[in-house]
Amino acid sequence: MMAMVISGVTRACARMHFRARALTVQVLGLQSLRGFRTQSPSLAFAKDIFLGKINKAEAFPYPEISNEELEEIGQLVAPVEKFFMEDVDSRKIDLEATIPPKTMSGLKELGLFGIQIPEEYGGLGLSNTMYARLGEITSMDGSIAVTLAAHQAIGLKGILIAGNDEQKSRYLPKLASGEHIAAFCLTEPGSGSDAASIQSRATLSEDKKYFVLNGSKIWISNGGFADIFTVFARTEVVDTDGKKMDKITAFIVERAFGGVTSGKPEDKLGIRGSNTSEVHFENTRVPVENVIGEVGGGFKVAMNILNSGRFSMGSASAGMIKRLIEMTAEYAGTRKQFGKKLGEFGLIQEKFATMAQQAFVMESMAYLTAGMMDRPGMPDCSVEAAMVKVFSSEGAWMCVSEALQILGGLGYMKDYPYERYLRDSRILLIFEGTNEILRMYIALTGIQYAGKILAGKIKEMKKGNLSVFMEIFREKLQNSLSKKIDLGLSGPDGVVHPSLTDSAKKLEENVFYFGKTVDGLLYRFGKSIIDEQLVLKRIADVLIHIYAMTAVLSRASRSITIGLRDHDHEVLLANTFCAQAYFQNNYRLVQLEKNSPENHDASIKKIAQQILERRTYVCSHPLDRTF
Amino acid sequence: MNATRFLFHTRSLRLPLLCVAGLRNKSLSSGPIPLHQFLSSDHCTRRCLCSKPVFRRDPSQSEESQNKPDKTLISYDNLFERAALDSKNKATFSHVLDVFKNKDIRRRGHVEFIYAALKKMPEFGVEQDLAIYNKLLDVFPKEVFIPRNFIQRMFNHYPRQQECGVQILEQMENYGVLPNVETKVLLIQIFGKKSHPIRKYQRLMYWFPRFKHVNPYPVPRELPQDPVDLARFSLHRIAADLNAKVTVYQMPSSDHNEDGNLVCQPYIVGIQSPDQREVLAKHRPNRPVFVEGPFPLWLKRTCVYYYVLRADPLPPEEKVEEPVDPERNFFYPLELELDYDRDLGDDEDFDVDEVEEGPVYAMCMTDSGDRDTLAKWISGLQETNPILGCTPTVFRLDSGPSEVQSCTVSDHPEIEDVLQGQKMAQ
């Protein structure tokens with residue numbers, strides 16, 4: 001049995017090597033090929049979960065990189081790590097709210113401003129996996145990480161994924177070297193996620209050679225010193241039947257075009273060293289060649305940029321937590337209270353276990369997703385990336401808080417870096433799409449996919465077709481009698497190592513009942529499920545945890561089979577996490593059932609409505625009297 | 001009132017021992033129900049006992065029989081009227097009470113005096129003054145009416161005095177005055193712990209605090225005196241939108257013109273919310289808007305009048321449903337492409353037939369509801385709602401309350417007058 005599994009895995013590994021080799025060839029072409037996909041994206045892994053199935057091939061075996069790549073990344077990581085340890089003074093950056101020029105030039109020399117820019121344009125041309133690996137290191141300083149991310153994860157991403165060759169060769173080399181810094185200008189005073197309230201406007205000049213851009217953008221990372229802006233503005237577009245319409249268009253705007261002014265840097269809670277400011281455009285003349293994609297196609301560009309920039313947050317958060325574990329473990333191992341070391345207390349141990357588990361899960365999810373994205377054929381992993389972002393940002397916030405708790409009062413002091421980590425990590429839940437918005441995205445994208453596939457069955461049921469009902473009844477009866485759910489993760493054709501069988505079974509059960517629940521919810525709510533945000537939130541949470549379970553199972557299975565160091569610890573973490581996630585998922589699924597007593601949504605909504613009606617806390621003061 | 005009536009009956013019928021005891025237990029055991037039970041059980045006992053007509057006292061008889069003490073009431077009325085010659089206020093009223101209290105140590109005729117005082121309280125403007133009620137209770141001699149043995153306790157001890165005590169509490173109830181501890185102490189001193197007035201007091205204390213905040217939209221006890229402030233308050237109250245902003249288009253003023261005549265400028269206070277402005281901006285200028293009013297708004301005893309700017313609802317054939325722009329949300333779809341809807345079993349809305357009304361764009365208050373004044377309001381609104389400049393405005397005004405008084409034109413209650421907005425704006 002064991003031998004069989006191992007042979008299966010070696011086969012899989014061989015396949016992976018082949019893929020990885022294909023990957024290195026692909027890396028260059030990959031970015032330029034990445035197209036637009038907004039309508040019904042072909043989801044990589046998440047889609048099958050909504051139907052109660054697991055697409056084993058997508059998540060198993062855990063993606064690997066080739067030895068050459070590993071060596072390459074090792075050579076890259078070492079100097080970057082050395083630079084961050086020796087030359088970056090995070091405390092000073094935080095206090096002075098600026099990154100010193102010397103540090104900036106050091107970052108540029110290391111090539112960190114062009115990590116994903118193809119080598120032909122002077123960048124490092126790294127894959128998503130390697131980008132994620134570097135993200136682990138750059139997250140040592142939140143301000144630098146955000147500056148770099150604003151530059152290349154969103155700032156120049158538009159040129160990278162949707163720009164034409166001319167634009168690329170014109171802008172990318174200078175951006176890759178860090179001579180020019182990019183910024184992404186979408187948010188406006190009246191518009192966060194709502195494209196309809198974008199006020200900036202670009203009007204085509206009479207000679208049709210350039211656009212005149214007017215408008216204000218707020219909270220622009222790198223806005224104070226960026227030279228190249230990806231700007232979204234309304235333009236007038238004549239549609240096929242000759243009607244004039246306002247549509248969003250993406251532009252590459254150089255500061256040198258004139259009329260670009262930046263406001264003073266905003267004073268922020270965390271990531272204080274990163275520059276955030278307003279950017280105003282006043283009669284800025286943008287040549288028509290600088291339109292990214294086509295005129296009126298800016299919406300899709302924006303969506304693709306936003307969707308592609310998120311996956312690295314998982315590895316960055318994991319990197320941060322791993323460092324926090326080192327620092328706090330040092331403290332817990334030395335500080336004594338009541339004659340015992342801090343680490344001997346159960347409540348402190350619990351915190352370390354939580355942190356390790358969270359870091360492990362984030363890491364697993366992040367590199368699984370990055371690996372999926374690096375596969376040939378450009379799978380759309382935006383839902384997976386969003387799941388990584390939601391899970392890791394919340395996990396990071398919780399872990400930093402736990403670390404602070406271990407340190408007690410010491411963690412609260414400005415003399416130590418912990419409070420800075422806390423402040424810096426708070427932004428993770430907010431930027432690149434708030435977690436609330438991403439949960440909607442995660443749930444709705446899957447629901448849309450499942451809803452279309454199940455449409456026929458649901459419509460038949462609504463018509464009262466007896467045979468469909470009989471079918472469902474028979475299925476239910478069979479399930480309740482046999483009660484065996486086998487999605488093929490374990491067993492003879494399994495992909496999960498036998499020591500993780502229990503966890504795999506739990507995952508399978510979760511997935512199976514999740515599929516059933518989605519089915520039921522679609523029947524109950526139909527397209528109006530879009531208004532049931534509390535339901536959608538739970539769907540997203542279940543899905544995130546299912547994906548997390550898959551990721552840890554896949555990673556731990558690989559670790560055992562290839563005999564990685566300390567893989568027993570991984571198995572321990574994976575099994576613990578799966579057991580916990582399983583119970584949480586079960587609870588959420590029960591809440592999603594109709595008329596379940598665990599579901600308090602109606603009351604929750606009512607409380608909020610009564611408060612919002614009066615815009616104040618409603619209750620009388622406990623000391624008030626009526627007589 | 002019911003409670004008092006009940007007292008009448010028990011007193012006049014001399015209910016059998018058993019029955020009274022039963023009622024007492026009931027009244028002790030629970031708050032709100034006993035009053036009901038009192039009455040129903042009272043009715044049936046009365047029916048069985050009506051063979052004793054001597055004690056029976058129906059409402060008509062009670063009025064007659066009240067005539068006798070009325071003579072004395074008149075004499076006490078005089079006492080108050082004499083005091084009223086100075087001025088009618090709290091001081092004179094309490095002075096009369098003091099005079100009566102100190103006149104006679106036995107307080108002879110205090111029941112009649114109290115009835116007279118209760119009647120006069122509104123006149124002196126002290127009907128909502130708790131201190132005065134307590135003072136009035138203080139007129140009763142203490143400890144005399146407390147039952148001393150079980151027989152007295154069983155029967156209605158000093159019924160006339162108890163009833164009088166209940167009357168005081170009844171009046172407090174009617175004017176919404178909540179008794180305090182002093183009232184309770186006084187009642188116990190006068191009537192003892194299980195007397196009818198104490199029961200009444202307990203019922204009051206049970207219900208009053210519970211009903212104190214029963215109105216979710218309370219009107220303050222003292223309304224603002226300044227008409228502009230009153231209008232501001234009233235408009236906020238009707239608008240029921242926390243975003244709505246009040247604008248004073250014109251402050252009240254009076255001035256003498258060249259001919260020396262007094263010219264009063266009416267105040268115009270209007271309210272409009274951003275939502276209303278948004279809806280108005282989408283109004284089609286080819287359809288008229290209407291200024292209608294005055295409509296009454298009651299604030300306790302005060303009535304104010306307001307005017308609305310509204311339009312007729314769009315006829316169904318002119319309505320256009322705006323489709324959701326698929327390129328609106330950068331992050332998630334705003335509409336699902338599914339062609340099945342919510343299941344009937346999960347449709348928890350009630351089946352309500354809704355009658356559609358036209359939108360209300362703004363409201364205003366003014367002290368003169370003539371067309372010129374309201375036209376000023378509309379031109380004031382134009383500053384923030386430019387669409388009013390090209391929309392015909394129709395004034396549909398009922399003869400307002402002020403016009404009824406001056407009574408000039410009331411043959412045509414509806415004056416329809418179409419005014420081009422542009423002309424008005426001049």
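Here is how names work: the chains are called A, B, and so on, in the same order as the sequence lines, proteins then strands, and each is numbered from 1.
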Is [X] close to chain B through its backbone or its side chain, or both, or neither, when contacts mean heavy atoms under 4.5 Å?
{"X": "A:Ile198", "value": "side chain"}
{"X": "A:Glu432", "value": "backbone"}
{"X": "A:Leu444", "value": "both"}
{"X": "A:Ile437", "value": "both"}

Residue among [options] with most heavy-atom pairs under 4.5 Å to chain B:
{"options": "A:Ile447, A:Leu438, A:Leu522", "answer": "A:Leu522"}
{"options": "A:Ser193, A:Ser620, A:Gly526, A:Ala196", "answer": "A:Ser193"}
{"options": "A:Gly451, A:Ser197, A:Ser191, A:Ala302", "answer": "A:Gly451"}

Could you tell me the separation between the [atom1] atom of [X] and the [atom2] atom of [Y], rounded to the nearest 0.5 Å?
{"X": "B:Phe330", "Y": "A:Leu186", "atom1": "CZ", "atom2": "CG", "answer": "4.5 Å"}
{"X": "B:Asp346", "Y": "A:Glu532", "atom1": "CG", "atom2": "CD", "answer": "8.0 Å"}
{"X": "A:Phe299", "Y": "B:Asn329", "atom1": "CZ", "atom2": "CG", "answer": "6.5 Å"}

Is there a side-chain contact between [X] and [Y] in this structure, where contact means two heavy atoms from C-beta onward sitting under 4.5 Å apart?
{"X": "A:Lys527", "Y": "B:Glu335", "value": "no"}
{"X": "B:Phe331", "Y": "A:Met440", "value": "no"}
{"X": "A:Ile529", "Y": "B:Leu338", "value": "no"}
{"X": "A:Lys300", "Y": "B:Glu327", "value": "yes"}
{"X": "A:Thr445", "Y": "B:Tyr332", "value": "no"}

(request) Using non-hydrogen atoms and a 4.5 Å limit, figure out which bit of B:Leu242 sits close to chain A: side chain, backbone, both or neither. (result) both
(request) Please state whether the side chain, the backbone, both or neither of B:Leu344 comes within less than 4.5 Å of a heavy atom of chain A. (result) neither
Counting only heavy atoms from other residues, nucleotides and ligands, does the tally under 6.0 Å from [atom1] of [X] exceed 12?
{"X": "B:Lys319", "atom1": "NZ", "answer": "yes"}
{"X": "A:Asp241", "atom1": "CG", "answer": "yes"}
{"X": "A:Glu294", "atom1": "CD", "answer": "no"}
{"X": "A:Lys594", "atom1": "NZ", "answer": "yes"}
{"X": "B:Arg301", "atom1": "CZ", "answer": "no"}
{"X": "A:Phe627", "atom1": "CZ", "answer": "no"}
{"X": "B:Glu354", "atom1": "CD", "answer": "no"}
{"X": "B:Lys300", "atom1": "NZ", "answer": "yes"}

(message) Whether the side chain of A:Gln448 engages the backbone of B:Glu337 through a donor-acceptor N/O pair (distance < 3.5 Å, no angle test) should be reported.
(response)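 Indeed, once roles are kept as given, a pair shorter than 3.5 Å links the two residues.
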(request) Kindly give the heavy-atom pair with the smallest separation between A:Ile530 and B:Pro333, and that separation in Å. (result) CD1-O, 3.4 Å
